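The structure appears right after this line, and notes come after that.
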Number of protein chains: 2
Amino acid sequence: MARWKPGAKDRLQEAALTLFAANGFEQTTAAEIAQAVGLTERTFFRHFSDKREVLFYGQASFEQAFLDGMAAAPPQAPPWDLVARTLQGAATLFPKERREHSRVRQRVIDRNPALQEREAHKMSTLAVTLVDALHQRGIADPAASLAAESATTVFGIAFLQWISAGEERSMSTITADVLSELQSLTAGASPSGRVAKHP
Amino acid sequence: MARWKPGAKDRLQEAALTLFAANGFEQTTAAEIAQAVGLTERTFFRHFSDKREVLFYGQASFEQAFLDGMAAAPPQAPPWDLVARTLQGAATLFPKERREHSRVRQRVIDRNPALQEREAHKMSTLAVTLVDALHQRGIADPAASLAAESATTVFGIAFLQWISAGEERSMSTITADVLSELQSLTAGASPSGRVAKHP
DNA sequence: GTCTATAGTGCGATAGAC
DNA sequence: GTCTATCGCACTATAGAC
């Protein structure tokens, strides 16, 4: 038996989500989270540079899924195709089994502005990563920036739909739908007669 | 003469920007900012709920300019027209005279992740405000969300261009350009032969 | 692992404006 | 007298330095 159980980071993350969901983010101290898994506050901050990060670590593999999707496109693919591919890559991160976990996590974030800030920042960090990848494919600005931001926008809207109550469709189905809605929107008219009709 | 000079909030903001630009955000304490204008740390936090907020207060009037632009559109205007109008409203906030101030502020933000988080959050707050306004015009989701996010995306990209070195065009010219680029992008091909050509 | 600075909060006191 | 801006002090948690 090892002196320390492995996976301290994952256990801290799990305990943190549970405590945040039960008692709220601000009401939970870093020391409490650490104690819950038999570690000290100091160790918590060794794994996570700040308290919020415990809910967001894993950004690298998150971004990689988007990049892998983009990489699956042919070299000369136009930007709009790359957006679609990128979203297909992202969808692989969200299989059915993760839906409930995602809902819990989102509920915690929704109740705390500091966590919303971090989430917004992680999305804009993702956009920067995607812009770089698009530049490397020879896409110039502002097309590259617009494509990258459109991808994160569509992803964000699709994700909220995916975790909404009663939603059954897969993430990849939803991202494709939202993406085509964006295309319709910019063409000057929404599909399904949605334009300017009062509800 | 009054015991307290009026406009303490504005004076704190001005002093904060100067100190942040000179010494960096983290190296500047709230107490230093307060002292610089003859107040105490406690008073600083009475005006600003947290240290970052000193660079972001004024969000309400910022958002109002977007809403005013949207309000100038006819009642049955399609979402895409509303995006364009919203951006025209936003552009009124950025006359030539503000360009240099915006550059200084942005340089401070660019050098600090915590400030980038706040900025990202303020943009997503703006998007929520715009979604509400679109809903009130009878635009349904996901069109409303996509239109709101597209507006903030175009604004953000246009703003960075507006403050870039050597840029002379007005904000409203740039937002219009970026918006039409987005339209071209979603149509499947970028203008000016930019697609998939290596630089 | 310990020590410390800073952010940020709560509450009571004070000093004018009205 | 009321109202509001400020101050002063005690306090906790975060986060980084040593």
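Below, chain A is the first sequence line, B the second, and so on; all start at residue 1. No experiment lies behind these values; they were computed from the predicted model shown.
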Practice task
Please state whether the rings of B:Phe94 and B:Phe155 are parallel, tilted or perpendicular, taking 30° and 60° as the class boundaries.
Solution key: tilted
In this structure, how many angstroms lie between the [atom2] atom of [N] and the [atom1] atom of [X], rounded?
| X | N | atom1 | atom2 | value |
| --- | --- | --- | --- | --- |
| B:Phe44 | D:dC7 | CZ | C1' | 16 Å |
| B:Leu39 | D:dG8 | CG | P | 11 Å |
| B:Glu41 | C:dT9 | CD | P | 11 Å |
| B:Glu32 | C:dA5 | CD | P | 14 Å |
| B:Glu26 | C:dT6 | CD | P | 12 Å |
| B:Leu19 | C:dT6 | CG | P | 14 Å |
| B:Lys51 | C:dA5 | NZ | P | 16 Å |

### Query
Looking for any heavy atom pair under 4.0 Å, which part of the strands does B:Ala8 touch: base, sugar-phosphate only, or nothing?
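Sugar-phosphate, no base atom in range.
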Exercise. So what does A:Ala30 touch, heavy atoms closer than 4.0 Å: a base, only the sugar-phosphate, or nothing?
Worked result: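 Sugar-phosphate only.
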Where the side chain of [X] is defined as all heavy atoms beyond and including C-beta, which of [options] is the nearest nucleotide?
| X | options | answer |
| --- | --- | --- |
| B:Thr43 | C:dA7, D:dT6, D:dT14 | D:dT6 |
| B:Asp50 | D:dT6, C:dG8, D:dA15 | C:dG8 |
| B:His47 | C:dA7, D:dA13, D:dT6 | D:dT6 |

Between A:Phe62 and A:Lys122, is there a cation-pi geometry (under 6.0 Å to ring centre, at most 45° from the normal)?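 Geometry flag: not set, cation outside 6.0 Å or 45°.
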_Quick check with a 6.0 Å cut-off and a 45 degree axis cone: is B:Arg105 positioned over the face of B:Phe56's six-membered ring?_
yes
| query | Side-chain donor or acceptor of B:Arg42 under 3.5 Å from a matching atom on the base of C:dG8? | reply |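 No such pair is found, so the answer is no.
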Checking B:Asp132 against B:Gln136 for the side-chain hydrogen bond (donor to acceptor under 3.5 Å, both in side chains) test, could you report, in this order, the C-alpha distance in whole Å, the side-chain angles of both residues, the deciding distance, and whether it holds? CA-CA 6 Å; B:Asp132 283 350; B:Gln136 276 168 30; over 6 Å; no
Qualifying side chain to side chain donor-acceptor pair (under 3.5 Å) pairs with a residue from residues 143-154 of chain A, counting only residues at least two apart or across chains
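For residues 143-154 of chain A, and leaving out neighbouring residues, the side chain to side chain donor-acceptor pair (under 3.5 Å) pairs sorted by first residue read A:Asp141-A:Ser145.
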- Is there a side-chain polar atom (N or O) of B:Thr40 under 4.0 Å from OP1 or OP2 of D:dC7? yes
